[in-house]
A.B. asks: 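Before anything else, here's the structure in question.
Residue numbering restarts at 1 for every chain, and letters A, B, ... go by the order of the sequence lines.
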Protein chains: 4
Amino acid sequence: MEKGRGRPRSERAREAILKTAYELLMEDGVGRLTIEAVAGRAGVGKPTIYRNWSNARELAMAALLARPVLEQSLIETASPIDDLRRQVCQVISVFSSLRGRQVTQMMAASEPDSELSKAFRNRIILKSREEGRDILIRSQSQGLVRRDIDMDVVLDLIYGPIFYRLLVGHAKIDTQFGRDIVAAVFEGMATEPAR
Amino acid sequence: MEKGRGRPRSERAREAILKTAYELLMEDGVGRLTIEAVAGRAGVGKPTIYRNWSNARELAMAALLARPVLEQSLIETASPIDDLRRQVCQVISVFSSLRGRQVTQMMAASEPDSELSKAFRNRIILKSREEGRDILIRSQSQGLVRRDIDMDVVLDLIYGPIFYRLLVGHAKIDTQFGRDIVAAVFEGMATEPAR
Amino acid sequence: MEKGRGRPRSERAREAILKTAYELLMEDGVGRLTIEAVAGRAGVGKPTIYRNWSNARELAMAALLARPVLEQSLIETASPIDDLRRQVCQVISVFSSLRGRQVTQMMAASEPDSELSKAFRNRIILKSREEGRDILIRSQSQGLVRRDIDMDVVLDLIYGPIFYRLLVGHAKIDTQFGRDIVAAVFEGMATEPAR
Amino acid sequence: MEKGRGRPRSERAREAILKTAYELLMEDGVGRLTIEAVAGRAGVGKPTIYRNWSNARELAMAALLARPVLEQSLIETASPIDDLRRQVCQVISVFSSLRGRQVTQMMAASEPDSELSKAFRNRIILKSREEGRDILIRSQSQGLVRRDIDMDVVLDLIYGPIFYRLLVGHAKIDTQFGRDIVAAVFEGMATEPAR
DNA sequence: ATCTAAGCGAGACGGTACGTCACGTCTTGGG
DNA sequence: CCCAAGACGTGACGTACCGTCTCGCTTAGAT
């Protein structure tokens with residue numbers, strides 16, 4: 001008896017809210033995203049926002065989630081190593097923008113256990129990591145990568161440095177950095193193979 | 001006209017503020033650190049806090065900076081590789097605590113260009129990275145690490161994954177992870193040396 | 001766009017604020033009336049007060065205005081001179097209370113051109129003066145008061161001395177003073193009529 | 001043994017403080033006169049001010065007291081009635097200035113029992129009233145004013161209306177008003193002498 | 001000719017209150 | 001039952017002044 005009663009929620013309002021939230025996020029950063037500002041600029045009542053998201057951080061994550069990060073999926077070539085290099089560079093180009101810092105801040109500030117947080121983590125941050133896993137598995141099957149590696153560690157070795165620099169800001173993040181990471185992870189630094 | 005005139009700032013107040021801020025930080029997290037709470041608990045007026053730090057984030061950074069992260073400096077042994085492994089594990093044990101998340105959040109949220117931010121970055125986050133650099137240079141001089149590596153990239157390969165997991169929380173951070181990182185960075189993942 | 005939209009202002013809050021402000025005014029005087037104290041004691045948020053009045057002085061005036069000064073209206077007898085005497089004594093008894101000094105201070109300190117100030121002036125201070133004017137007109141029509149007097153000057157002669165003593169405090173204000181004023185204004189001080 | 005020891009108080013500082021206080025009083029009114037502003041503008045330390053006056057109101061009164069109200073003493077002519085008229089007009093011209101409102105506010109706000117308050121009251125406000133008393137006594141001795149009047153009431157009838165208008169602001173204060181007051185007080189308003 | 005007590009400008013101290021902002025909730029009239 | 005508007009109680013913000021308290025430095029009478 002409580003299914004379709006009353007006026008349905010307005011899709012128009014929902015979209016206006018997400019759009020405005022995204023704009024404010026890009027203009028002023030996460031810390032300045034206030035529900036009042038979104039409501040005012042989107043021409044929407046505050047309760048309408050709270051009906052959909054429980055606070056400003058959730059709304060911010062939702063706003064970022066609503067925008068496809070990068071739909072341009074990777075072309076798979078005959079060389080998985082080339083594929084990895086290109087994928088890493090693509091990740092860098094996505095996150096080295098203004099949006100990268102916002103995403104990093106948001107990730108740092110979010111409640112780690114909320115449903116939206118998990119979605120955010122998996123779809124925005126860890127997506128690239130899983131793409132990398134696919135490429136590495138392919139590489140292993142072509143004999144380019146050893147089978148005894150600890151895959152999770154290697155993946156963190158590849159993508160960790162990007163977010164490290166994003167977080168700390170101690171060095172620039174460009175495509176050369178991407179190529180250098182891939183090279184270093186492949187080669188190792190030992191004078192001779194430790195195996 | 002601005003030399004030592006007027007009553008000097010109270011060292012007692014400064015210390016009480018930093019101490020209280022640190023306590024509140026550990027109890028409630030960065031987001032809950034309010035100037036009013038610090039003032040109230042430290043028995044200090046709000047203006048005294050604002051005279052020394054311009055907002056709650058700055059105070060938080062200062063409070064963390066005031067505590068030596070870990071002064072237990074590393075014993076240098078005959079094996080730089082062992083030294084590196086132990087150092088990485090030590091970094092992990094320092095940052096995998098409650099304080100680690102606070103530090104990460106703070107780093108993410110800080111104005112990147114403020115003086116305090118830079119000090120925080122260099123003394124709290126990048127200190128370990130520079131220790132690592134020393135160890136690697138020693139390793140090179142003993143012929144254990146190749147001389148043609150891109151040192152900055154390799155350092156990010158070692159320490160990036162730790163902060164990556166700290167930030168994203170997708171896998172656990174323990175000493176085994178530390179040993180795995182060092183191993184992987186040494187060995188590389190290529191089936192045979194690319195050189 | 002500014003008609004009856006949104007939640008209407010709470011009459012309950014408005015009344016609680018005015019009541020509390022009046023109480024504090026009587027307890028501590030105008031100088032001690034703080035918005036925080038009113039908010040706290042009335043169980044009301046500070047913004048609610050500021051939404052209705054722009055500062056403590058305005059609130060204080062509003063609080064005094066909200067209380068009918070003295071509704072006990074004057075009984076009109078056959079003798080306007082008696083009426084005037086009784087009215088002046090009534091004014092004295094109203095203003096020689098604690099509240100009289102508050103009102104005087106408030107009048108002195110108020111912005112002379114604000115809307116509330118004008119209402120305060122007309123309804124609290126000058127009301128008695130206008131009552132006096134009615135009585136004097138009646139007196140003139142009965143031939144008890146000359147028709148060539150400057151009414152505004154005479155009214156100030158009657159009521160001015162009361163507020164003068166209230167303001168300066170150089171002599172006591174009692175009903176005898178009221179009778180003396182009326183007598184003196186009637187008789188004049190000249191040895192013989194100047195006309 | 002505790003008489004003249006130590007550095008004597010600086011007369012220069014005292015004067016600078018009073019001068020600055022007076023200026024600020026004229027610029028911004030009593031409510032805006034802050035100790036900090038005086039100290040800052042006079043180039044004086046706050047304790048130096050507090051050593052001489054216990055709060056801003058006292059300082060304000062002192063600043064007004066330090067300036068002679070009007071030293072141009074009245075010329076005594078053969079006609080005391082003329083003298084009174086001129087004296088009342090002089091009082092009006094002194095108090096109808098900006099300074100008049102400040103003085104009124106200050107009088108209203110002052111602690112009635114403090115020593116400085118009394119001096120202020122007697123020297124600034126009641127001085128004119130006493131001058132009036134002298135003139136009236138002279139008038140009586142010349143047979144121009146009846147001897148059975150209640151002198152204090154009559155004096156309040158003359159000077160009260162001026163401060164009444166100053167306080168309430170309901171009508172303008174000019175020399176015509178002064179002449180009208182004197183005329184009305186002399187003549188009375190009764191159709192025929194009540195005696 | 002020192003010594004020393006008090007005043008000096010400066011400015012930080014613990015406070016109180018300010019007036020504002022945003023929170024998350026509640027209450028209108030209207031669709 | 002949702003919508004926009006906007007008021008509600010709450011709590012923290014950063015600022016202005018309060019009146020007091022050091023600082024290091026005169027300044028001048030008492031030693």
A.B. asks: Report which part of the nucleic acid C:Arg9 touches: base, sugar-phosphate, or nothing (heavy-atom distance under 4.0 Å, all strands).
C.D. replies: sugar-phosphate
A.B. asks: Donor-acceptor pair, distance only, cut-off 3.5 Å: does the side chain of D:Ser117 make one with the backbone of D:Asp113?
C.D. replies: no
A.B. asks: Whole-Å distance between F:dT20 P and D:Trp53 CH2?
C.D. replies: 16 Å
A.B. asks: Counting only side-chain heavy atoms from C-beta out, which of F:dT15, E:dG14, E:dC23 sits nearest to B:Thr48?
C.D. replies: E:dG14
A.B. asks: Mind checking C:Arg12 for me? I need base, sugar-phosphate or nothing, with any heavy atom below 4.0 Å counting as a touch.
C.D. replies: sugar-phosphate
A.B. asks: Choose from E:dG7, E:dC23, F:dC8 the nucleotide whose nearest atom is closest to any side-chain atom of A:Ile35.
C.D. replies: E:dC23
A.B. asks: Main chain of D:Val30, side chain of D:Gln105: is a donor-acceptor contact present, judged purely on distance under 3.5 Å?
C.D. replies: no
A.B. asks: Checking contacts here: which listed nucleotide (E:dG19, E:dC23, F:dT15) is nearest the side-chain heavy atoms of C:Asn55?
C.D. replies: E:dG19
A.B. asks: Please tell me which of B:Asn52 and C:Pro8 maps to the more 5' nucleotide of DNA chain E, matching each residue to the nucleotide holding its nearest heavy atom.
C.D. replies: B:Asn52
A.B. asks: Would you say the side chain of A:Lys46 and the base of F:dG6 hold a donor-acceptor pair, judged only by whether the two atoms sit under 3.5 Å apart?
C.D. replies: no
A.B. asks: Give the intermediate values and the outcome of salt bridge (charged side-chain N to carboxylate O under 4.0 Å, His left out) for residues D:Arg41 and D:Glu23.
C.D. replies: CA-CA 10 Å; D:Arg41 207 202 276 200; D:Glu23 287 169 14; 3.2 Å; yes
A.B. asks: If you assign B:Ala56 and B:Pro47 each to the DNA chain F nucleotide with the nearest heavy atom, which residue ends up on the more 5' nucleotide?
C.D. replies: B:Ala56
A.B. asks: Want to settle it: does A:Gly45 or C:Arg14 sit nearer the 5' end of DNA chain F, counting the closest nucleotide to each?
C.D. replies: A:Gly45
A.B. asks: Examine E:dT28: is either OP1 or OP2 under 4.0 Å from a nitrogen or oxygen in the side chain of C:Arg5? Give yes or no.
C.D. replies: no
A.B. asks: Kindly determine whether B:Lys118 and B:Glu111 satisfy salt bridge (charged side-chain N to carboxylate O under 4.0 Å, His left out), including the steps that lead there.
C.D. replies: CA-CA 9 Å; B:Lys118 287 179 192 162; B:Glu111 290 293 331; over 6 Å; no
A.B. asks: Backbone N or O of A:Leu64 within a donor-acceptor pair of the A:Arg99 side chain at under 3.5 Å?
C.D. replies: yes
A.B. asks: Let me know, please, whether A:Glu36 or C:Leu33 comes out on the 5' side of the other along DNA chain E by nearest nucleotide.
C.D. replies: C:Leu33
A.B. asks: Quickly work out the A:Ile49 CD1 to E:dT25 P distance and round it to whole Å.
C.D. replies: 13 Å
A.B. asks: Under 3.5 Å, is there any donor-acceptor pair linking the side chain of B:Arg7 to the base of E:dC13?
C.D. replies: no
A.B. asks: Grab the CG-C1' distance between C:Asp28 and E:dT16 for me, whole Å please.
C.D. replies: 15 Å
A.B. asks: Please pick, from E:dC23, F:dC17, F:dT20, the nucleotide with the shortest atom-to-atom distance to any side-chain atom of D:Thr34.
C.D. replies: F:dC17
